[in-house]
Amino acid sequence: MNLPATFVDLIEEANQLDLYEKLILQLNKDFLLANIDLDFHEEVLPSSLKLILHETVYKLIQEKFIEYLNLLYIIDVSEKQVKALDGSDILKLSEDVAFLILKREWQKVWYKNQF
């Protein structure tokens, strides 16, 4: 499996395979497991999804760092990938982490669909 390089690529691939709704459901499931109050509607627009996820990650980093780490653990985002990001700009960091979250959730959905 080749992971999408950009948010747009990820959404296009999810839509082509008719898995966008399952991606949203997977996100909702993992955020609920992490006890974070975020519930996307299944028909959320990709632009809204990106914005809300980015905002949420930003707030978690700023205000609830332990919950942020717990979320990354539950979603199973690679620690190596997170450490490789530039942490000097929290806004950019939160955007990059939001994309890592989406990529990991996409992997889960894609594999469940394949097997």
Side-chain angles (χ1 to χ4, degrees):
M1 168 186 196
N2 288 332
L3 284 171
T6 66
F7 175 78
V8 173
D9 293 342
L10 189 148
I11 298 302
E12 282 178 4
E13 191 173 338
N15 284 328
Q16 285 173 357
L17 298 172
D18 203 24
L19 295 174
Y20 181 72
E21 188 175 315
K22 289 186 179 185
L23 176 64
I24 300 304
L25 293 173
Q26 183 67 46
L27 270 169
N28 287 341
K29 176 183 161 193
D30 286 342
F31 270 85
L32 183 64
L33 281 171
N35 205 23
I36 295 171
D37 188 27
L38 181 66
D39 189 29
F40 292 106
H41 190 274
E42 281 113 29
E43 295 170 10
V44 65
L45 293 172
S47 56
S48 297
L49 169 70
K50 182 180 181 182
L51 181 68
I52 294 167
L53 186 59
H54 179 202
E55 257 180 36
T56 303
V57 170
Y58 180 78
K59 285 181 183 173
L60 287 171
I61 291 171
Q62 290 283 81
E63 301 166 11
K64 299 179 178 179
F65 196 72
I66 299 298
E67 286 87 344
Y68 161 74
L69 295 176
N70 188 43
L71 175 68
L72 295 181
Y73 176 77
I74 286 171
I75 293 175
D76 192 28
V77 174
S78 166
E79 185 178 342
K80 184 178 179 183
Q81 288 179 320
V82 174
K83 285 184 175 181
L85 298 174
D86 178 16
S88 62
D89 179 3
I90 294 179
L91 196 60
K92 176 73 172 121
L93 174 68
S94 59
E95 182 180 5
D96 293 343
V97 169
F99 183 60
L100 290 177
I101 288 170
L102 277 174
K103 281 200 309 189
R104 181 63 185 120
E105 296 290 41
W106 172 241
Q107 275 184 308
K108 293 177 188 179
V109 170
W110 188 86
Y111 278 115
K112 285 178 188 172
N113 186 58
Q114 294 297 312
F115 304 104

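Annotation: side chain of Asp86 is not in contact with side chain of Lys92 (no heavy-atom distance under 4.5 Å). Proximity of Leu49 to Leu27: side-chain heavy atoms (C-beta onward) are separated by under 4.5 Å at one or more points. In this structure, Lys112 and Gln26 have side chains that are in contact, with non-hydrogen atoms separated by less than 4.5 Å. With contacts defined as side-chain heavy-atom distances shorter than 4.5 Å, the pair Lys83/Lys80 does not qualify. Taking the side chain as every heavy atom from C-beta outward, Glu105 and Ile101 approach each other to under 4.5 Å. With contacts defined as side-chain heavy-atom distances shorter than 4.5 Å, the pair Leu100/Arg104 does not qualify.
Minimum heavy-atom separation, Ile11 to Pro46: CG2-CG, 3.6 Å. Residues Trp106 and Leu23 approach most closely at N-CD1, 3.6 Å, considering heavy atoms. Across every non-hydrogen atom of Phe99 and Phe7, the tightest pair is CE1-N, 3.4 Å. The shortest non-hydrogen separation linking Asn28 to Leu38 is OD1-O, 4.1 Å. Between His41 and Ile24, the shortest heavy-atom distance links the atoms O-CG2, 3.7 Å. Minimum heavy-atom separation, Ile74 to Ala34: CD1-CA, 3.4 Å.
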Test side chain to side chain contact (heavy atoms under 4.5 Å, CB included) on Glu67 and Asn35 and set out the steps. CA-CA 8 Å; Glu67 286 87 344; Asn35 205 23; over 6 Å; no
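Hydrophobic clustering of Ile, Leu, Val, Met, Phe, Trp and Tyr side chains at less than 4.5 Å, counting indirect connections, keeps Val57 apart from Tyr73. Hydrophobic clustering (ILVMFWY, side-chain heavy atoms < 4.5 Å, transitive): Leu53 and Leu69 are in one cluster. Hydrophobic clustering, with ILVMFWY side chains joined whenever heavy atoms are under 4.5 angstrom apart, keeps Phe40 apart from Leu51. Clustering ILVMFWY residues whenever any of their side-chain heavy atoms sit less than 4.5 angstrom apart, transitively, puts Val8 in a cluster other than the one holding Val97. A continuous path of ILVMFWY side-chain contacts below 4.5 Å connects Leu3 to Ile75, so both sit in one hydrophobic cluster.
To the nearest 0.5 angstrom, Asn15 atom CG is 10.0 Å from Leu10 atom CG. Here Leu17 contributes atom CG and Asn113 contributes atom CG; the two are 6.5 Å apart, rounded to the nearest 0.5 Å.
Evaluated for a side-chain contact (heavy atoms from CB on, under 4.5 Å) with Val77, the options Val82, Leu71, Leu102 yield exactly one hit, Val82.
When the shell of 6.0 Å around CD of Gln114 is examined, it contains more than 12 heavy atoms from other residues, nucleotides or ligands. Counting non-hydrogen atoms of other residues, nucleotides and ligands closer than 6.0 Å to CD of Glu79 gives a total of 12 or fewer.
Residues that satisfy the salt bridge (Lys or Arg N to Asp or Glu O under 4.0 Å) test with Asp89, not counting sequence neighbours, are absent from this structure.
A salt bridge is absent between Asp76 and Lys108; no separation between the charged side-chain nitrogens and carboxylate oxygens falls under 4.0 Å.
No side-chain N or O of Gln81 forms a donor-acceptor pair with one of Lys103 less than 3.5 Å apart.
For the pair Tyr20 (side chain) and Val44 (backbone), a donor-acceptor distance under 3.5 Å is present.
Using bins of under 30°, 30° to 60° and over 60° for the plane-to-plane angle, the ring pair Tyr58/His54 lands in the perpendicular bin.
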